[in-house]
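These notes are about the structure you will find just below.
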Amino acid sequence: MANYKKLVLTNKLRVVLYPMPNSHSVTIEIGIKAGSRYEPEGLYAAAHFLEHMLFEGSIRFPTSSSLSNFIERKGGRGWAVTEKECVTYGARVQPKYLAVGFEYLHELLYKPLLSKDSIEKERKIITEEQRARTDNTTEYIWDLWFKEVWGTNHPLGRFNTGDENSINIISQEKLLWYMNNYYIPQNMVLIVCGNFSYKEAEYYIKKFFDLKNENISNFSEAKQIQTNPNEIGNKINIIKTDSQQVQFILGFITGVSLKHEDRYTLRLVGD
C-alpha cells in the first residue's frame, strides 16, 4: 500500500495525495464545506443551484458543451454532488492528462460565468429534478425523515434541491454571494488518488489552486434544535403516494455525535 502525503498550501487549502502506481487513471476530488446545511436565510437551495451552474460555462469555455468537451475528448469525465455537509467536485483522467483534470476543476471553481440566461435555463431543470425526487419514494422518504427530525426552520430539515419557491427566487447576485463566501481555499479539501507522481501533482496544484483569496468564510454552524432525545417523543408519520412500493424508516435520536467516543460502536450496530 502506497504512503499518502498531506499538504497545506499558503492559502490554507488542505491537500491529500495518495499515489497508486498500478492504477490506470487519476481521480481528483475537491470537497467544499458549502452544503445545504450552511445556507443562510434567503439562500435556501443556493448550494445545489450553484453546483449546477458551475458546469454551464467558464471564461475559457463559455458553454456547457465546450467545458465538458475539454475533459471528455481526452477520455476523462467530471461530476459533482451536493449533500447536506459539503459539495464535491471531481474529475477522472488518464495519467498522461493529469494537467487537464486540474485545469478542468480550476475552470469550474474559479472561472464560472454564472450568466443570467444559463440561470434561467437551469432553474427549469432543477425544478424538474426536484419534482422527480418527490416521485422517487426511495429517496424522498429520507427527505421526509430529516424534515421530521429537524423541522423546516432548520437547514438540515430542508430538501437539498430546495422547493419550487426557493428555486424561483435564486438570482445571480445570491449565487455570487454564496460562492464568494464559501468557495474559498480554507474551506476546501483537495484529494488526488491514482497513478501520478508527487512532484507532478504538487506542480499542478500550486499552479491552479494556490491562489490568493482575501474573503473570510462567515457561516455559523447549524445547531441541533432537539438536543434531548426525550423532547421529540415517539412520532409516526404515514404518507400515502401513488407508488407501487412501500418505504419504511425507523430512526432513533441517540445523541451520539461524529466526535463522540461511541460513534464507531453505534455504526457497527447500525450495519
Side-chain angles (χ1 to χ4, degrees), residues 13-16 27-41 43-56 77-92 105 108-109 112 122 125-164 166-167 170 174-175 177-193 217-225 247 249 251 253-254 256-260 263 266-267 270-271:
L13 172 69
R14 288 161 290 171
V15 178
V16 178
T27 297
I28 309 164
E29 280 201 341
I30 298 179
I32 308 171
K33 192 161 67 171
S36 60
R37 74 171 296 173
Y38 297 109
E39 293 169 345
E41 192 67 31
L43 285 173
Y44 176 28
H48 180 249
F49 205 122
L50 181 58
E51 176 226 304
H52 272 246
M53 285 305 305
L54 296 194
F55 290 90
E56 284 301 300
R77 59 179 292 261
W79 64 87
V81 60
T82 299
E83 298 177 339
K84 293 188 181 296
E85 294 287 348
C86 68
V87 185
T88 304
Y89 296 86
R92 179 174 295 122
L105 292 175
L108 284 181
L109 299 175
E122 284 303 306
I125 294 173
I126 294 170
T127 299
E128 289 303 315
E129 183 178 330
Q130 190 271 337
R131 291 172 180 170
R133 184 174 178 87
T134 60
D135 290 335
N136 186 337
T137 55
T138 303
E139 295 181 353
Y140 188 48
I141 191 171
W142 287 102
D143 292 337
L144 296 175
W145 189 84
F146 274 96
K147 178 181 177 181
E148 288 294 323
V149 172
W150 296 96
T152 55
N153 291 326
H154 191 291
L156 287 174
R158 300 169 183 164
F159 303 160
N160 284 357
T161 55
D163 55 29
E164 291 193 35
S166 61
I167 294 170
I170 287 292
K174 289 182 177 182
L175 293 176
W177 185 95
Y178 201 82
M179 187 168 194
N180 289 335
N181 283 273
Y182 296 112
Y183 281 54
I184 55 179
Q186 58 265 44
N187 210 30
M188 300 178 178
V189 176
L190 188 155
I191 299 176
V192 187
C193 183
S217 179
N218 62 357
F219 61 79
S220 57
E221 291 189 13
K223 296 181 180 180
Q224 184 178 2
I225 297 174
Q247 306 293 336
I249 287 181
I253 306 300
T254 64
V256 176
S257 69
L258 289 175
K259 297 181 180 180
H260 196 283
R263 63 189 184 280
L266 183 64
R267 176 164 291 185
D271 291 340

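Below, each value reflects all heavy atoms present in this structure, side chains not excepted, and no hydrogens, waters or symmetry copies. This is a predicted model, so every value here is computed, not measured.
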Inset, instruction - Classify the ring geometry between H154 and W150 as parallel (under 30°), tilted (30 to 60°) or perpendicular (over 60°). - result: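 If you compare the ring of H154 with that of W150, the planes turn out tilted.
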Inset, instruction - Please work out which of the three classes, parallel, tilted or perpendicular, describes the rings of Y178 and Y182, given edges at 30° and 60°. - result: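 Ring orientation of Y182 relative to Y178: tilted.
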Inset, instruction - Check whether more than 12 heavy atoms from other residues, nucleotides or ligands sit under 6.0 Å from atom NZ of K84, and answer yes or no. - result: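 Buried by this count: over 12 neighbours within 6.0 Å.
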Legend entry - Crowding at CD, E41 (>12 non-hydrogen neighbours, <6.0 Å):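 Counting other residues, nucleotides and ligands, CD of E41 stays at 12 neighbours or fewer.
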Separation of [Y] [atom2] from [X] [atom1] (nearest 0.5 Å):
{"X": "I191", "Y": "T88", "atom1": "CD1", "atom2": "OG1", "value": "9.0 Å"}
{"X": "I32", "Y": "M179", "atom1": "CD1", "atom2": "CE", "value": "7.5 Å"}
{"X": "D143", "Y": "R158", "atom1": "CG", "atom2": "CZ", "value": "14.0 Å"}
{"X": "L43", "Y": "W177", "atom1": "CG", "atom2": "CH2", "value": "6.0 Å"}
{"X": "T127", "Y": "D163", "atom1": "OG1", "atom2": "CG", "value": "9.5 Å"}
{"X": "T161", "Y": "I126", "atom1": "OG1", "atom2": "CD1", "value": "9.0 Å"}

Could you check whether any side-chain heavy atom of [X] comes within less than 4.5 Å of a side-chain heavy atom of [Y], counting everything from C-beta outward?
{"X": "H52", "Y": "E129", "answer": "yes"}
{"X": "F159", "Y": "F146", "answer": "no"}
{"X": "Y38", "Y": "N187", "answer": "no"}

Inset, instruction - Measure across I170 and A45 and return the closest heavy-atom pair with its distance rounded to 0.1 Å. - result: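 Between these two residues, the closest heavy atoms are CD1-C, 4.3 Å.
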Legend entry - Closest non-hydrogen atom pair between Y140 and R133, with its separation: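 Looking at all heavy atoms of both residues, the closest pair is CB-O, 3.4 Å.
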Inset, instruction - Determine yes or no for a side-chain-to-main-chain donor-acceptor pair under 3.5 angstrom, with E51 supplying the side chain and T82 the backbone. - result: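 Yes; judged by distance alone, with no hydrogens or angles, the pair exists.
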Inset, instruction - Ignoring hydrogens and angles, tell me if any N or O in the side chain of E39 forms a donor-acceptor pair with the backbone of A47 under 3.5 Å. - result: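 The answer is yes, because a donor-acceptor pair under 3.5 Å joins these two groups.
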Legend entry - N160 side chain to S36 side chain, donor-acceptor N/O pair below 3.5 angstrom: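 Note: N160 and S36 side chains meet the donor-acceptor criterion.
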Legend entry - Side-chain donor-acceptor contact under 3.5 Å, E29 with W79: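 Present: a donor and an acceptor within the cut-off.
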Legend entry - Residue from I30, L108, V87 passing side-chain contact (heavy atoms from CB on, under 4.5 Å) with Y183: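 Only match with Y183 under side-chain contact (heavy atoms from CB on, under 4.5 Å): V87.
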